[in-house]
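Just so it is clear: chains get the letters A, B, ... in the order the sequence lines come, proteins before strands, and each one is counted from 1. Computation of the quantities below employed the complete heavy-atom set of this structure, encompassing side-chain atoms and omitting hydrogens, waters and symmetry-equivalent molecules.
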Protein chains: 4
Amino acid sequence: MSTVNETNRLASAGVTLLPMANKSPKAQPDHTRRSERSRRAILDAALELTGESGYQRLTIEAIAARAGVGKQTIYRWWPSKAAVLLDAFIALGEEAAEGEAGLPDTGDLAADLKTVVRATVDELNSPRYDAPSRALAAESVVNPELCAQFTERVLEPQLQLYVRRIRAAQEAGQADPDADPRIALELIVGPLAHRWMLRTLPLTHDYADAVVDLVLRGITPR
Amino acid sequence: MSTVNETNRLASAGVTLLPMANKSPKAQPDHTRRSERSRRAILDAALELTGESGYQRLTIEAIAARAGVGKQTIYRWWPSKAAVLLDAFIALGEEAAEGEAGLPDTGDLAADLKTVVRATVDELNSPRYDAPSRALAAESVVNPELCAQFTERVLEPQLQLYVRRIRAAQEAGQADPDADPRIALELIVGPLAHRWMLRTLPLTHDYADAVVDLVLRGITPR
Amino acid sequence: MSTVNETNRLASAGVTLLPMANKSPKAQPDHTRRSERSRRAILDAALELTGESGYQRLTIEAIAARAGVGKQTIYRWWPSKAAVLLDAFIALGEEAAEGEAGLPDTGDLAADLKTVVRATVDELNSPRYDAPSRALAAESVVNPELCAQFTERVLEPQLQLYVRRIRAAQEAGQADPDADPRIALELIVGPLAHRWMLRTLPLTHDYADAVVDLVLRGITPR
Amino acid sequence: MSTVNETNRLASAGVTLLPMANKSPKAQPDHTRRSERSRRAILDAALELTGESGYQRLTIEAIAARAGVGKQTIYRWWPSKAAVLLDAFIALGEEAAEGEAGLPDTGDLAADLKTVVRATVDELNSPRYDAPSRALAAESVVNPELCAQFTERVLEPQLQLYVRRIRAAQEAGQADPDADPRIALELIVGPLAHRWMLRTLPLTHDYADAVVDLVLRGITPR
DNA sequence: AGCTAATCGAGACGGTACGTCACGTCTTTAG
DNA sequence: CTAAAGACGTGACGTACCGTCTCGATTAGCT
């Protein structure tokens with residue numbers, strides 16, 4: 001994952017140590033010839049297997065077998081099972097998200113946040129998303145490279161939606177203009193993530209509402 | 001880990017399926033004969049190795065080798081490397097904590113919380129604690145049994161200290177008596193955990209202070 | 001076994017490295033205090049287990065468990081599982097043999113040999129003796145110390161009975177006085193053992209008779 | 001080993017329990033891709049190690065290490081260390097035997113048999129052959145599957161040479177046509193094997209000669 | 001009859017090897 | 001050239017036994 005991207009970054013920046021030998025250690029495979037069929041099969045298999053028996057028991061060999069694919073085809077395009085799962089998870093998100101514009105803006109910040117936050121709670125509690133997202137979260141805690149990819153491609157785009165919605169509220173005079181939207185957002189997302197990850201207490205709509213209420217009380221203009 | 005406790009719980013509750021055969025599958029080893037020397041060596045080795053090369057590369061075999069111990073001695077007393085590390089981490093905490101009474105109570109809730117929260121930030125940023133606590137957190141995300149142990153033995157005791165301090169503030173009239181201390185606490189701890197786990201942004205004293213301020217604004221009596 | 005005997009041999013030969021310390025490495029246990037009950041239980045368990053699952057799967061731990069005995073009680077008195085089995089096998093033979101005088105002597109050498117040889121065939125084919133005697137034979141092929149014990153205590157006493165009977169026949173003029181009884185005996189016993197050990201062809205009474213006939217034709221006076 | 005052959009035998013005989021599922025438990029590895037280099041290294045290592053420290057102390061791990069090979073490469077092609085050693089022993093024999101036609105036939109049966117039998121004695125006494133052949137013999141005594149392979153691939157081909165030579169002698173009128181060559185042969189080979197295996201007395205040329213003489217006296221035409 | 005020393009059942013311990021699984025690399029054959 | 005297939009060297013897994021050791025609790029044999 002990092003390997004692929006770093007190499008790409010370097011290559012596209014024209015950074016090569018040897019005149020015509022940017023293939024020296026390991027040439028990048030030719031993306032134009034890549035089999036889309038295999039790619040989909042691999043991502044699907046990774047999601048299925050993670051759901052069936054968990055990330056710990058997920059193996060590259062099992063993915064290859066389930067996808068009807070040679071192991072090398074996985075190693076050629078991904079650096080680790082975590083990277084496969086990340087791509088699979090993103091693909092999963094894209095299916096669902098189709099044309100999602102951003103957070104709703106009805107003019108009522110509290111209502112809009114609760115709408116979104118309840119949806120997030122439902123997603124985290126749904127079996128379809130639970131296993132892969134837990135896997136990616138856990139791996140991210142312990143694997144900085146994967147974490148960077150995960151936050152960059154999945155998490156931050158989501159968080160920026162909150163930032164935008166809160167800024168809009170500030171401009172509309174519904175929130176204290178001195179409050180830092182980033183911190184406000186983390187006060188909403190952090191507690192939900194905490195309950196979900198460490199299972200301290202059940203993650204419910206009521207809890208989500210309470211969190212939003214408390215935070216909004218903190219950033220309401222006085 | 002959970003196995004041990006559940007078995008004990010069931011046994012002490014008189015719940016046995018076969019009249020006198022609660023020893024059938026695998027008798028518990030005899031704790032009175034346990035070698036304290038080996039136990040310490042194992043916990044120390046687990047911490048050292050986690051610090052040196054990370055949890056992923058941590059191996060039961062390496063722990064055994066470093067500790068000068070047979071593998072079976074580890075498997076006899078712990079069900080997984082995660083369980084070993086949890087015990088090691090708790091032992092590590094006990095050394096440091098010696099006679100720690102609870103959160104300070106100077107009468108100024110904001111100041112007291114900031115004191116504690118800054119200390120937590122320092123601890124999370126210290127190399128000594130970083131590797132093992134990340135490992136346990138990551139494992140907990142994905143392993144409910146370990147998670148239960150982790151929250152029960154490490155996390156919740158800490159969180160209860162916050163609950164007590166906030167209650168004291170409520171009784172002293174410094175905090176809204178209708179606010180739920182549990183939720184307030186999670187609004188403080190959750191965001192810190194989120195930044196630490198997913199490395200979205202640096203985890204600093206300033207951030208901690210800002211979180212505390214925002215939350216306190218939410219529960220200050222009006 | 002070898003350990004025990006070598007120690008004894010050295011000790012009785014007055015070979016000691018330290019003046020009064022022939023107990024230095026490992027004192028012999030006190031035979032007068034030995035528990036007969038445990039000894040029997042161990043020998044019985046060894047035979048049973050060998051019969052049930054074969055010598056290869058026989059373990060000291062299983063013997064101890066079956067016999068209701070500590071492992072140390074076995075290690076105290078025997079140097080190896082082969083030695084245990086040898087003692088067990090000898091005890092088994094003694095039960096059967098009670099007061100057996102030697103080979104029959106009806107005056108007809110051929111008939112007498114066939115009687116004995118058929119009985120041997122039956123014994124080798126009986127499940128009771130098969131497993132332990134195969135185990136001891138196999139071990140003897142590969143373990144000279146055990147082999148020495150096995151031949152000295154089991155095999156040779158049997159073979160000497162043949163020698164005596166053949167000598168008697170020579171004195172009675174029924175066999176060539178120049179023939180070597182030892183070689184004659186081995187020509188009878190060797191082929192039976194060969195068939196039994198390597199299972200080349202079935203070991204039957206007819207085969208035994210044919211062997212005896214052929215050998216006797218070789219040593220009949222001309 | 002036996003598994004492979006039996007499966008093949010059954011399959012080629014059309015004996016299958018399930019219609020098209022003779023691949024269910026574990027597909028045979030692909031013999032065309034087998035590494036000859038590894039095969040040789042494994043067989044050599046097995047012989048060396050058996051010679052150095054005996055069959056009992058021979059381990060699959062040691063073979064793999066010495067051969068510079070993964071354990072799995074051994075387990076993929078052989079079911080046990082005994083099977084490895086059998087193949088190694090056969091390879092050893094093939095080197096020596098190159099173009100060996102059979103027993104010599106000078107017209108003098110006694111002389112020819114003594115020539116062969118003395119050579120066998122020398123071989124059994126040579127350190128090069130001693131350890132592996134003892135190991136295989138011992139294992140065969142106790143392991144019927146290996147025994148079947150051993151007799152089929154090593155022992156019987158040798159024995160058949162005797163049968164042919166004795167038949168030739170019968171046809172030439174030098175031996176009793178009524179004598180059973182198989183039994184005669186076993187009377188020669190059995191005693192030698194017996195002395196060698198159980199070390200009752202030294203295995204010498206003189207003994208071999210005496211055995212041949214005695215047997216021939218039994219089958220000489222009267 | 002009481003003392004004392006060895007044996008006993010039990011089983012934890014440091015080890016070695018087992019046979020299996022999965023890794024990531026490499027090679028072969030087919031398209 | 002990619003892809004499926006899968007053999008290979010490597011290394012960790014969790015288990016089974018090894019032979020040694022340390023624990024009370026018998027249990028003799030000798031005062």
message: Show the nearest heavy-atom pair for residues D:Gly70 and D:Ala64, with the distance to one decimal.
response: C-CB, 4.2 Å
message: To check you understand the geometry: which heavy-atom pair defines the closest contact between D:Trp77 and D:Asp30, and what is its length?
response: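 In terms of heavy atoms, the two residues are closest at CH2-O, 3.6 Å.
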Set of residues satisfying side-chain hydrogen bond (donor to acceptor under 3.5 Å, both in side chains) with respect to [X], sequence neighbours excluded:
X: A:Arg34; answer: none
X: B:Gln72; answer: none
X: A:Ser35; answer: A:Ser38
X: D:Asn143; answer: D:Glu139

- prompt: Roughly how bent is the helix from E:dA1-F:dT31 to E:dG31-F:dC1 end to end, in steps of 10 degrees, with each end axis from five pairs?
  reply: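 That helix gives 20° between its end axes.
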Only pairs under 3.5 Å count here: list side-chain donor-acceptor contacts from residues 82-89 of chain D, not counting sequence neighbours, and write none if there are none.
unit_1	atom_1	unit_2	atom_2	d
D:Asp87	OD1	D:Arg153	NH1	3.3
D:Asp87	OD1	D:Arg153	NH2	3.1
D:Asp87	OD2	D:Trp78	NE1	2.8

[X]: partners by side-chain contact (heavy atoms from CB on, under 4.5 Å), with sequence neighbours left out:
X: D:Ala62; answer: D:Leu49, D:Thr59
X: B:Ala91; answer: B:Arg40, B:Leu43
X: A:Ala138; answer: B:Ala138, B:Val141, B:Val142

[X] [atom1] to [N] [atom2], straight-line distance once rounded to whole Å:
X: C:Arg37; N: F:dT26; atom1: CZ; atom2: C1'; value: 12 Å
X: D:Ile74; N: F:dT10; atom1: CD1; atom2: C1'; value: 13 Å
X: C:Ile42; N: E:dG9; atom1: CD1; atom2: C1'; value: 11 Å
X: B:Lys81; N: F:dG11; atom1: NZ; atom2: P; value: 17 Å
X: A:Tyr75; N: F:dA7; atom1: OH; atom2: C1'; value: 15 Å

Presence of donor-acceptor pair under 3.5 Å, side chain of B:Lys71 and base of E:dG14: no
query: Across the strands shown, which category fits C:Thr32 at heavy-atom distances under 4.0 angstrom: base, sugar-phosphate, nothing?
result: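 Sugar-phosphate: the residue C:Thr32, judged by heavy atoms under 4.0 Å, touches backbone atoms but no base.
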field: Listed once per pair and sorted, the salt bridge (charged side-chain N to carboxylate O under 4.0 Å, His left out) pairs that draw on residues 65-84 of chain C, sequence neighbours left out
entry: C:Glu48-C:Arg66, C:Glu52-C:Arg66, C:Glu61-C:Lys71
- prompt: Using a heavy-atom distance cut-off of less than 4.0 Å, which residues of residues 53-66 of chain B contact DNA chain F?
  reply: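 Correct list: B:Thr59, B:Ile60, B:Glu61.
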I'd like a table of atom pairs between the protein and nucleotides 2-8 of chain E - only N or O on both sides, under 3.5 Å - with the distance next to each one.
unit_1	atom_1	unit_2	atom_2	d
E:dA5	N3	C:Arg33	NH2	3.4
E:dT7	OP1	C:Asp30	N	2.5
E:dC8	OP1	C:Ser35	N	3.1
E:dC8	OP2	C:Arg76	NE	3.0
E:dC8	OP2	C:Arg76	NH2	3.2
E:dC8	OP2	C:Trp77	NE1	3.1

